[in-house]
Trainee: 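Structure below; questions to follow.
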There are 2 protein chains.
Amino acid sequence: MTTPVKTDYSEDEKLVAMYSKAMGHPARIAILNYLASLDTCFFGDIFEVLPISKATVSQHLTELKNAGLIQGTIESPKVKYCINTENWKMAKKVFERFFSQCCSKVNVCK
Amino acid sequence: MTTPVKTDYSEDEKLVAMYSKAMGHPARIAILNYLASLDTCFFGDIFEVLPISKATVSQHLTELKNAGLIQGTIESPKVKYCINTENWKMAKKVFERFFSQCCSKVNVCK
DNA sequence: CAAACAGTTCGCAAAATTACGAACAATATT
DNA sequence: AATATTGTTCGTAATTTTGCGAACTGTTTG
């Protein structure tokens with residue numbers, strides 16, 4: 001009957017952390033903002049707007065794709081990117097739950 | 001009249017990225033969850049619940065403090081930690097705005 | 001005053017992130 | 001068929017992150 005020491009993190013904790021990590025760079029936030037404001041968007045459009053090389057843009061896009069926040073489809077010779085709305089909604093929900101758990105009661109230090 | 005190429009990221013983009021980065025690790029999410037569920041909490045309580053060394057816990061706490069999401073006050077010989085409600089609300093708002101900008105229109109690829 | 005307690009900081013190692021240019025693939029154009 | 005266009009991948013370098021044990025700081029207790 002000891003304290004319930006965590007041997008691992010919960011799925012929810014891992015999920016929030018995963019989305020957060022993917023969003024943990026201004027370039028990736030800028031990409032998401034940009035994609036969220038558009039219907040369609042090619043790699044070139046994103047690259048054009050960011051102050052980094054295309055190799056780096058491509059890397060950031062891969063990370064966002066791996067996190068599930070965006071998706072890309074080939075339209076030769078271009079690649080069209082967009083928000084993955086399904087997962088975007090999921091992330092939105094997960095963050096809402098996360099942030100709403102605090103500040104309901106007064107729990108300030110001191 | 002060329003395309004408005006970004007030379008830097010907006011303050012909002014940097015802010016979301018900063019909070020996200022701080023939240024980009026399951027241990028830090030677990031800490032925030034834990035703190036959000038309590039009124040008061042000492043370092044030892046947090047350490048006790050996590051599967052990592054106290055040196056590492058201390059590091060994570062420092063990061064969360066630097067991001068402004070938590071605060072700590074010394075109550076010798078212990079240290080009491082808690083959510084920084086002011087900034088927590090700020091973060092909540094910032095993420096709400098971020099996530100609500102999408103999915104209003106149908107902008108799925110293909 | 002010595003020993004115990006509660007955390008932080010230091011020093012270090014391993015791994016991951018960030019960034020870029022150059023090389024590469026795959027289609028499109030001439 | 002050669003060349004241009006569009007992105008991705010590779011190789012590499014610099015930096016940051018993550019994690020830990022050990023040493024340290026500052027109270028507090030014996």
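Note on naming: letters A, B, ... go to the chains in the order of the sequence lines (proteins, then strands), and numbering restarts at 1 for each one. Just so we're clear, the structure is a prediction, and the values are computed from it rather than from any experiment.
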Trainee: Please report, rounded to the nearest Å, how far the C1' atom of D:dG7 is from the CD1 atom of A:I70.
Mentor: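 Distance, rounded to whole Å: 13 Å.
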Trainee: So, using ring pair (Phe, Tyr, Trp, His ring centres under 6.0 Å) as the criterion, who are the partners of A:F95 when residues are at least two apart?
Mentor: B:F95, B:F99
Trainee: Is any side-chain heavy atom of A:C41 closer than 4.5 Å to a side-chain heavy atom of A:K80?
Mentor: no
Trainee: Return the value, rounded to whole Å, for the distance between atom CE of B:M18 and atom P of D:dT16.
Mentor: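 Interatomic distance, CE of B:M18 to P of D:dT16: 17 Å.
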Trainee: Residues in salt bridge (charged side-chain N to carboxylate O under 4.0 Å, His left out) with B:D12, at least two apart?
Mentor: B:R97
Trainee: Please pick, from D:dT18, C:dT27, D:dT28, the nucleotide with the shortest atom-to-atom distance to any side-chain atom of B:S76.
Mentor: D:dT28
Trainee: What residues form a side-chain hydrogen bond (donor to acceptor under 3.5 Å, both in side chains) with B:T56, not counting sequence neighbours?
Mentor: B:S53
Trainee: CZ of B:F47 versus P of D:dG19: gap in Å, rounded?
Mentor: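 After rounding, the reported distance stands at 14 Å.
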Trainee: Hey, could you give me each pair passing ring pair (Phe, Tyr, Trp, His ring centres under 6.0 Å) that has a residue in residues 28-56 of chain A? Not counting sequence neighbours.
Mentor: none
Trainee: Excluding sequence neighbours, so at least two apart, what forms side-chain hydrogen bond (donor to acceptor under 3.5 Å, both in side chains) with A:Q59?
Mentor: none
Trainee: Run the salt bridge (charged side-chain N to carboxylate O under 4.0 Å, His left out) test against B:K78 and tell me which residues pass, sequence neighbours left out.
Mentor: none
Trainee: In whole angstrom, give the distance that lies between atom NE2 of A:H60 and atom P of D:dT8.
Mentor: 13 Å
Trainee: Specify the residues of residues 24-34 of chain A, ordered by number, for which at least one heavy atom lies under 4.0 angstrom from an atom of DNA chain C.
Mentor: A:H25, A:R28
Trainee: Quick one: side chains of residues 14-26 of chain A, donor-acceptor pairs under 3.5 Å with protein atoms, not counting sequence neighbours, listed by atom name and distance.
Mentor:
{"residue": "A:K14", "atom": "NZ", "partner": "A:D8", "partner atom": "OD2", "Å": "3.4"}
{"residue": "A:K14", "atom": "NZ", "partner": "A:E11", "partner atom": "OE2", "Å": "3.4"}
{"residue": "A:S20", "atom": "OG", "partner": "A:V16", "partner atom": "O", "Å": "2.8"}
{"residue": "A:H25", "atom": "ND1", "partner": "A:A27", "partner atom": "N", "Å": "3.0"}

Trainee: Given atom CD1 of B:I74 and atom C1' of D:dT27, what is their separation to the nearest angstrom?
Mentor: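 Rounding to the nearest Å, CD1 of B:I74 and C1' of D:dT27 are 11 Å apart.
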Trainee: Given atom CG of A:L64 and atom P of D:dG7, what is their separation to the nearest angstrom?
Mentor: 16 Å
Trainee: Taking protein heavy atoms under 4.0 Å as touching, what does nucleotides 5-16 of chain C look like 5' to 3' if B marks base contact, S marks sugar-phosphate-only contact and - marks none?
Mentor: -SBBB------S
